[in-house]
Each structure stands twice: as C-alpha cells, then as structure tokens.
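Worth saying up front: this structure is predicted, and the values here are computed from it rather than measured. Just so we're on the same page: letters track the sequence lines, and every chain starts at 1. Side-chain atoms are counted along with the backbone in the values below, which use heavy atoms only and exclude waters and symmetry mates.
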2 protein chains.
Amino acid sequence: MTGRKQFAVDDALDAAVRVFWERGYDGATVAHLLEGTGLGRGSLYATFGDKEELFLACLDRYATTVAARLLAALRSHPGDPRAAVGAMYTAILARMQDPGCPSGCLVTLSAGECATLPQRAREVVQQLIAGQVREVRGVLAEGASCGVVPHGGDPDALAEYLVGTAQTLALLHRAGTDVPTLRGIADTALHVLHPEVP
Amino acid sequence: MTGRKQFAVDDALDAAVRVFWERGYDGATVAHLLEGTGLGRGSLYATFGDKEELFLACLDRYATTVAARLLAALRSHPGDPRAAVGAMYTAILARMQDPGCPSGCLVTLSAGECATLPQRAREVVQQLIAGQVREVRGVLAEGASCGVVPHGGDPDALAEYLVGTAQTLALLHRAGTDVPTLRGIADTALHVLHPEVP
DNA sequence: ACATTCTTGGACCGATCGTTCCAAGTAGCC
DNA sequence: GGCTACTTGGAACGATCGGTCCAAGAATGT
C-alpha cells in the first residue's frame, strides 16, 4: 500500500503509552493497541516487535516524556527539598486534572502488576522506581547540606517515603479519589519535612 | 460422584482469596482458581457463580478475615492514635514476612486494577478503602479528644494519608521492596503524628 | 522502465479465555 | 429398594487472546 512508513513512530508510541496507561499491561489487548495507534497488525509488529517489547518501549517513552516533567519540577527548587518535593506533588496533581490524561501513573500501575509482568518489564519498573528514589535522595542531600532538612531519621527511608507518597496519590486517583482530597494527602505527607509545622 | 458437597465452602473461598491475592482479578484465570481450590468446574460454578461473583465473595472474605486482623491491631491502642496506627503498620509488615502469605494486599491490588474491574467489584473496593479511612478517622478523633493528636491540618486528610501509606507499603512490597525498607517508610510516615519529633 | 525493498491491512493460526452442559453417580426420603 | 435431589469432573462451546503470514501496492535506485 505504501513503500514508506505512513506514520510517526513517536506518535504511535505516545498512543500506545496512553493505552497501557489506561488499561495496564494485561488489560491492554493488541486490539486496543491497534485501535489506539491507528496502525494495522503488520505495521505494529514490524515496528515494535511483540507486546512485551512494545511495552518496554512505552515504559522508556513514559520515563523520558511524562516522568521527565515531574523530575523537572523536583529539580526546580535547588536547596529547598520541601519546595522541590511539593512542586513535584503539585505537578502530579495538576496532570490529574488534565482530562486528556489517563488517571494515575503508568509506573505505579505497572508496579501493582509486577507479579504477572514479564520479567524484563518487572525489572525496568523496579529500576524506574529506584531512579525516582535516587533523584529525591539527591535533592534531600543537597538540602541537608544547606540545613533545610531537619529530619533525624534515615535519609534513605525519607526518600523512599516521599516517592511512595507520590505512588499513593496515583493509586488513589485510579481508585476514584478526587484531586482536592489527594492535595490534602500530599500536604499532610510534606509535614514530615517540617517538624516546626505550618 | 457424591450427592452432598465434598468440600468446606469457606476453605475453598480462602483458597480462591489466595489465588486472586497472588494474581489479581484479571491475572487469575478460572484454571488457576480450579487448581487453587481443588474443585472441578461444576462445583466451582454451582457454589460461587461466575468469576465476578466469586471475586466479590473473596473481597468480603478478605475483609472479614485478613483485614479484620489489621483492624484489631488498629483498635488495640485506644486513646493513642500513634501507637494504634503504628500497630497496624507493624501487623502489615509482620504479615509480609509470613512466607505462606501472598505479597501486598488484595484491596490495594484491586484498587490498581479498578479501571478494568467489573463495576460492582470496583464499588466494593472503593467501599473497603473508605471503610479503612473511616476506622482510622475514628481512632484519630478518639485520640484528639485525649489531646494526643497535635496535627493542625485537616483530620480527614490525615486519615486518608495514613491509610494511603498502608497501601504504599503493600504496593512497594509487591514491587519487590524488602520489609526493613518498608519499616523505615512506615516509621517516617508516623512522624506526621509527632510534630515534636522522635 | 524495471527490479528491488519496504509497508500495509487483513486473513488466518493455535492457544487460552470464561462459561455451559451433561452423563455418571451418591445421599437422603418414603 | 426405588425415587428424587444433588454434586461432580470433564467434554465441549463460542469468543478472544497474542502472533504469523501474505498478497497487494508504493517508493527508491539504476
């Protein structure tokens, strides 16, 4: 029919990300992916390989586009960990109010699916979460050297806790919790960085 | 072959809970349920109806057995919300170290699956989460009247936050996080109930 | 103009999904 | 001991799953 590709690979990838984001790895069928991307079977398999490979490509795409914006928010307040993490939470909540965006977070969704995920996908998901923790830990360390993080406990646990809270927001959003309630949860979580209270 | 039932319904239900708990609603096939319960197709369908009805029965069973134990821990420290929620977290973490128990929590797992769950199941999951929040809110209110909860913000948000943290523990456990790390997260989260710090 | 290379949509595949159905057989009742 | 009511395991069902294959046709190079 054509000779050269009739579509932009990145556009199709974005569409596939959206399908997985809406339905999860198991819940997204190839038929859903075909409908979402607008591709035919031949094009999809020739371009992306099988469902697992496509999913891995989608995780990567998600990390470099969607998650990257959250990371930018996190880094936008150097030296002030509370403002940095707060900005990340705010960015997450803002995205949830975009009706064009699926609910929750692809990484959180996939983390819940870990038990039934292909091994490579499970490993990538774990790496993505570990990467988020590493980023937050970096921000905290930077702030601690400026004397802004007065927390007395384990800094590693603090970073995991803050990332875990972000995943809580995504999970509860997926379960139908409204954004104002999530805002309250995020604000409450940030009190840990604030022993002297609001 | 028999004339009267050859198995205890509650035992079969417990086995089915375990299967759903391990693989989620979508991931658990009827074949898995047959293997897990040891029943034949005829017995399973005659006793529990279709997969959705069985799942609803499993959610109920889970709530009245597994979740009930966590609730008991929560209520075991009347007047001391921090000890109460801490005991609940400890009970969650203790269960995770039981090798005979699937990882995470059936409710949390199902919350992540909400988008692809049958409507009635989704509603039940939301009700279960709302019930947990109500319980924690009750404990907090009881403690506040005793002057133990010094938090200045929204008490509803505080309850949702504490339940959300429990779900974080379950989600991260499912994703492979080890229990000591989860312990650190739980301890960090409890600092919110402790403005004057450890 | 021709041959080659690549893309494309759909037909098609075996496997597996959830569900229905039924012959075989047992327990309880009169 | 016959009759009814019930349970049971497995056969079988249509639908759908992920994946393969291929004829048709368009772009490229010479």
>> Under 6.0 Å from the ring centre and within 45 degrees of the ring axis: does the NZ or CZ of K51(A) meet both conditions for the six-membered ring of Y25(A)?
In response: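 Relative to the ring axis of Y25(A), which defines the angle, K51(A) lies inside both limits.
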Using whole Å, report how far [atom1] of [X] lies from [atom2] of [N].
X: L44(A); N: dT20(D); atom1: CG; atom2: P; answer: 12 Å
X: F7(B); N: dG9(D); atom1: CZ; atom2: C1'; answer: 13 Å
X: Q6(A); N: dA27(D); atom1: CD; atom2: P; answer: 7 Å

Side chains of [X] and [Y]: donor-acceptor distance under 3.5 Å anywhere?
X: R122(B); Y: S110(B); result: no
X: H191(B); Y: T188(B); result: no
X: T90(B); Y: R183(B); result: yes

> So, is S43(A) close to the dT8(C) phosphate, meaning a side-chain N or O under 4.0 Å from OP1 or OP2?
Replying inline: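 Answer yes for this pair, as a side-chain N or O of S43(A) is under 4.0 Å from OP1 or OP2.
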> Mind checking what makes side-chain hydrogen bond (donor to acceptor under 3.5 Å, both in side chains) contact with S103(A), not counting sequence neighbours?
Replying inline: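 Here no residue qualifies.
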> Who are the side-chain hydrogen bond (donor to acceptor under 3.5 Å, both in side chains) partners of S76(A), not counting sequence neighbours?
Replying inline: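 Partners of S76(A) by the side-chain hydrogen bond (donor to acceptor under 3.5 Å, both in side chains) criterion come out as none, since no residue qualifies.
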> Can you list, by residue number, the residues of residues 9-29 of chain A that have a non-hydrogen atom closer than 4.0 angstrom to DNA chain C?
Replying inline: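 Per residue number, the list is empty: none.
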>> Let me spell it out: for each of R4(B) and H32(B), pick the nucleotide of DNA chain C with the closest heavy atom. Which residue's pick is nearer the 5' end?
In response: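 Here H32(B) is the residue nearer the 5' end.
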> From dT8(C), dG18(C), dC17(D), pick the nucleotide closest to the side chain of A31(A)?
Replying inline: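 Of all the options, the side chain of A31(A) is nearest to dC17(D).
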>> Can you work out whether R41(B) or K5(B) has the more 5'-proximal nearest nucleotide on DNA chain D?
In response: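 First, find each residue's nearest nucleotide; the 5'-ward one identifies K5(B).
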